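This is a predicted model, so every value here is computed, not measured.
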Amino acid sequence: MKARALLLGTAAALAIVPAALAERGSDGEVKIIYWQAPSTMNPYLSGGTKELEAASLVVEPLARYDQDGNMVPWLVDTVPTVDNGGVSSDLKSITWKLKEGLLWSDGTPVTSADIAFTWKYCADPAGGCAQSEKYNDVTDVKIVDDRTVTVEFGVPKPFPYGPFVGAQAPVIQAAQFADCLGAKAPECTDANFGPIGTGPFRVTDFRPNDVISMEANPNYRDPAKPAFASVTFKGGGDTASAARSVLETGEFDYAWNMQLAPDVLSAMEAAGKGKVVSAFGTLVERIMINLTDPNPALGDERSTKKHPHPFLSDIAVRQALSMAIDRDLLVEIGYGTAGRPSCNVLPAPEIYKSTANDACLTQDVEGAMKLLDDAGWVVGGDGIRAKDGVRLSILYQTSTNAVRQDFQALIKQWWADIGIETELRNIDASVFFGGDPGSPDTFQKFYADVEMYANNFDGTDPEAYMANWECKQAPTPETQWQGNNMPRYCTEEYDALVAKMAQTGKLEDRAELAKAMNDKLMQEYIILPLVDRGRVSAHSNALGGVIMNVWDSELWNAADWHRTKTQ
C-alpha cells in the first residue's frame, strides 16, 4: 500500500514537473499551427505577420518589447539611453554592446560586424527590404569593437529604437547573407529559408507554404533552454481547423490568430483541451483603398502611380464607402468582446488615440447617397452609379477566412444600397501575405480596387508604423513589390509630418504628430478602419510558459515554453 502510494506520488510529481528542472530538449516536440503558412524565414523580405513570427524563433533583435510594452534588452545587457550614456546628448547616435560570448547557431561568434551588415542589407534600395522604415535616417553603423556598434542618424532621433529592436528588425548573420545584397536578396533561397540565428531554435527543413521543422539551437546562450528539442511549425488550412486542433483534439500545442466568431470559439474551448488567450494592442482590421489603377490592360504599369484610379481618386467615393459601413454590426458578427469598432488606424496606446474621426461609428447610408449625388455620380438603370462613362464597380479582395468572408458579404450589400457594385475575391492567406514578387495575388501588389486585412506594429511607439505611408514606402516593380504603403498614398504634407516626428522628443508633441498623421489618412479616406481587434490565440493546457504579447512576436518567449504535465 505504501509502495503504491509512493508510485502515485511520484507520478503526480512527474505530471507537474516545473520548467526550472527541465534541461535543453527534455520536453520533446512542440507543435505550432499558423493557418497562414510562412513562405520565407527572412523577415526583411516579408511584411507578413506569419513570416515575422516564424522567423522570431530563429533570428533575434538587440532589444524587444515584453507583454506590457516595456523595452527589454535581448542580445545586449542594457538598453542604451541618454541617462546611461548609450544615446548621445545630441540624439544623433546610439551605441549598443552585445552580450559577451554570444554565438550563432553554427557556433561562430556574433559580432558587431553582423549588426552593421544587417543595416547595409536592409538599406540597399535594390533589395526591396520590407522593414526599411525601421532604418529611416540611419547614415552609418560604425563598428567600435567586436561587441560594440554605434548607429548614427542624419537628424536628432529622440526615439532611436527603430533599428535592431523588435521582431521586425532582427540581426542577421553577415557571413550567410554576404552574397545576398541588393537585387540578389530574393535569390538566396538557402539563407532565406534557413537563416542562421541566435534564437532558441534553428531550421532543419523549410517547405514554403507548408511545414517548417526546427530543432533546439545547440549554441543558445542559456544552456538550460529551450525545453523543447524540436518544433513542428505547420502552416496553412483554415482558422477553424487550427483552433480545433488545439482546443478540441489536442493535436497541436499553439494556434495563432483565432479569427473566429466568438460563439464558435467558446464552444471549442468548452472541450477542455486548451485555452484561449487574448489582449488588445494596435491590431486594426481595415480596408485599404487603391489610389492607382489595377486594370490588367495596363500590363506592368497596373497598380503603379503612373495611372491614378479612375474613381477611387475621388474623395467623395472613398468617403461614401466608409459612411455606408455599420462597424458595430461587424464587431458583433466577427469578434464579440475581442473587438471594438475603430475609426482610427492608430488605436493605441491611449495617448495616440484620436477622437477626431468618431463620426464613422454611426452608419449613414442616406448621407453617403447624398454625397455621391452631389459629386455627380448618377444611378443608372442597373442601379449602379456612373459618371463620364465610369461605373462604380469594385473588386474587393482579402484572405480566405470565415469572418472576413462574412465581412465582405455585409459590406457588399451596404455598398449596393448606395449604388456601388462589388465583386468579391478571396485568396489563400499564405499567398496573399506571401510577399512573392512573382505572384499577382499578394496584398503588396494589390491588383484590386480595395483590400482588407489587419496589421499592427512592434512596441508602443508609432513612429516607424506611421512612416509606412510615406511616398517611398509604396510597393513598386523597382522595389520587388515590397513596402507597406499599399494605397500608394503620396503627399509632401504627410512625409513632412513623418520627418518632424522623427526629430521630436517631447512625448505630448510626438502624440500630436502621430494623431495628425492618423487623421490625415482617415479624413482623406485612404484607409477605412473597421475593427480594433484583440489578438486571440489558443494553447494546449499541457503547454506552459505562454505569455501573450501584442507588442512583439507572440512567440517572443518560446525559449521559456515547457510541458506542464506528461501526456
Side-chain angles (χ1 to χ4, degrees), residues 286-327 330 343 345 357 359-360 362-398 407-425 440 443 445-452 469 471 474-475 485-494 519-530:
R286 83 286 298 272
I287 291 175
M288 294 296 212
I289 302 290
N290 193 345
L291 297 174
T292 61
D293 192 346
N295 187 343
L298 296 173
D300 292 342
E301 294 183 355
R302 66 189 298 203
S303 286
T304 70
K305 63 182 180 181
K306 292 180 180 178
H307 301 279
H309 197 282
F311 59 84
L312 289 174
S313 297
D314 184 344
I315 189 173
V317 176
R318 305 196 299 267
Q319 183 175 355
L321 291 174
S322 179
M323 292 170 69
I325 295 172
D326 183 343
R327 289 168 173 79
L330 293 180
C343 295
V345 74
N357 313 297
C360 98
T362 302
Q363 184 187 37
D364 185 3
V365 173
E366 293 297 324
M369 288 195 292
K370 183 177 186 308
L371 190 65
L372 293 172
D373 289 341
D374 293 345
W377 294 96
V378 179
V379 179
D382 59 356
I384 306 304
R385 293 177 184 268
K387 184 169 76 172
D388 301 331
V390 176
R391 293 175 83 246
L392 295 187
S393 182
I394 285 177
L395 176 60
Y396 176 5
Q397 71 180 17
T398 188
F407 275 30
Q408 279 189 310
L410 284 167
I411 291 170
K412 176 180 180 177
Q413 182 57 54
W414 292 327
W415 287 352
D417 291 343
I418 62 172
I420 296 176
E421 180 182 57
T422 306
E423 178 187 349
L424 302 181
R425 183 165 184 249
F443 74 140
K445 204 164 259 185
F446 204 171
Y447 283 172
D449 300 298
V450 301
E451 64 183 6
M452 179 172 67
W469 296 286
C471 297
N485 182 357
M486 306 316 172
R488 287 69 161 134
Y489 177 66
C490 183
T491 70
E492 291 181 1
E493 295 82 1
Y494 191 90
D519 292 349
K520 194 166 179 58
L521 294 169
M522 300 303 96
Q523 292 164 17
E524 293 184 30
Y525 300 93
I526 306 303
I527 300 170
L528 311 183
L530 302 174

Expected output: side-chain Ser322 to main-chain Leu528 donor-acceptor under 3.5 Å: no
When rounded to the nearest 0.5 angstrom, what distance separates CZ in Phe446 from CD1 in Ile289? 7.0 Å
Can you tell me how far CG of Leu424 sits from CD1 of Ile394, rounded to the nearest 0.5 angstrom? 10.5 Å
Run Phe407 and Thr398 through side-chain contact (heavy atoms from CB on, under 4.5 Å) and show every step you take. CA-CA 10 Å; Phe407 275 30; Thr398 188; over 6 Å; no
Sub-3.5 Å donor-acceptor pair from the side chain of Gln363 to the main-chain atoms of Ile325, do we have one? no
Checking Leu410 against Leu330 for the side-chain contact (heavy atoms from CB on, under 4.5 Å) test, could you report, in this order, the C-alpha distance in whole Å, the side-chain angles of both residues, the deciding distance, and whether it holds? CA-CA 8 Å; Leu410 284 167; Leu330 293 180; 3.9 Å; yes
Going by the rule side chain to side chain contact (heavy atoms under 4.5 Å, CB included), which residues pair with Ala386 if we only count those two or more places apart in sequence or in a different chain? Arg391
Which heavy atom of Arg318 sits nearest a heavy atom of Leu312, and at what distance? NH1-O, 2.8 Å
Would you say that more than 12 heavy atoms from the other residues, nucleotides or ligands in this model lie under 6.0 Å from the CD of Glu492, or not? no
Closest non-hydrogen atom pair between Pro529 and Arg286, with its separation: CA-CB, 4.0 Å
Flag for Asn357-Gln523: side-chain donor and acceptor within less than 3.5 Å: yes
Option among Ile287, Leu372, Ile411, Ile420 that satisfies the side chain to side chain contact (heavy atoms under 4.5 Å, CB included) test with Leu321: Ile420
Considering residues at least two apart in sequence or located in another chain, which fulfil the salt bridge (charged side-chain N to carboxylate O under 4.0 Å, His left out) criterion with Glu301? Lys306
What do the steps show when you test Lys387 against Asp314 for side-chain contact (heavy atoms from CB on, under 4.5 Å), and what is the final call? CA-CA 11 Å; Lys387 184 169 76 172; Asp314 184 344; 3.9 Å; yes
Heavy-atom nearest pair, Ser393 first then Glu421, reads OG-OE1, 2.6 Å
What closest approach, in Å, do Glu451 and Phe443 show between heavy atoms, and which atom pair accounts for it? OE2-O, 2.8 Å
Tell me every residue that passes side chain to side chain contact (heavy atoms under 4.5 Å, CB included) with Ala474, counting only those two or more places apart in sequence or in another chain. Asn485, Arg488
Can a donor-acceptor pair be found, under 3.5 Å and without considering hydrogens, that links the side chain of Gln319 to the backbone of Tyr525? no
Could you work out, with salt bridge (charged side-chain N to carboxylate O under 4.0 Å, His left out) as the rule, every residue matching Arg385, not counting sequence neighbours? Asp373
Hey, does Leu521 have a side-chain heavy atom less than 4.5 Å from the side chain of Ile526? yes
Pairs touching residues 376-398 that satisfy ring pair (Phe, Tyr, Trp, His ring centres under 6.0 Å), sequence neighbours left out: Tyr396-Trp415
Would you say Asp417's side chain and Val365's backbone share a donor-acceptor pair under 3.5 angstrom? no
Residues in side chain to side chain contact (heavy atoms under 4.5 Å, CB included) with Arg302, at least two apart? Pro296, Leu298, Tyr447
Looking at residues at least two apart in the chain, or sitting in another chain, which of them share a salt bridge (charged side-chain N to carboxylate O under 4.0 Å, His left out) with Lys412? none
Looking at residues at least two apart in the chain, or sitting in another chain, which of them share a side chain to side chain donor-acceptor pair (under 3.5 Å) with Asp449? His309
Using the side chain to side chain donor-acceptor pair (under 3.5 Å) criterion, which residues pair with Lys520? Sequence neighbours excluded. Glu524
Report the residues that fulfil side chain to side chain donor-acceptor pair (under 3.5 Å) with Asp293, sequence neighbours left out, ordered by chain and then residue number. none
Heavy-atom pair of closest approach, residues Met486 and Pro475: SD-CG, 4.0 Å
Using the test side chain to side chain donor-acceptor pair (under 3.5 Å), find all partners of Asp300 that sit at least two apart in sequence or belong to another chain. none
How close do Pro487 and Met288 get, counting heavy atoms only, and between which atoms? CG-SD, 4.1 Å
Would you compute the distance between atom CG of Leu291 and atom NE2 of His307 and round it to the nearest 0.5 angstrom? 15.0 Å
Listed by chain and number, what are the salt bridge (charged side-chain N to carboxylate O under 4.0 Å, His left out) partners of Lys370, not counting sequence neighbours? Asp374
With a 3.5 Å distance limit and no angle check, can you tell me whether Asn290 reaches the backbone of Ala448 through a side-chain donor-acceptor pair? yes
Backbone N/O of Cys343 and side chain of Arg327: donor-acceptor pair under 3.5 Å: no
Ile418 side, atom CD1; Met323 side, atom CE - distance, nearest 0.5 Å: 8.5 Å
Could you go through Met522 and Ile527, starting from their C-alpha distance and side-chain angles, then the distance that decides it, and tell me whether this counts as side-chain contact (heavy atoms from CB on, under 4.5 Å)? CA-CA 6 Å; Met522 300 303 96; Ile527 300 170; 3.9 Å; yes
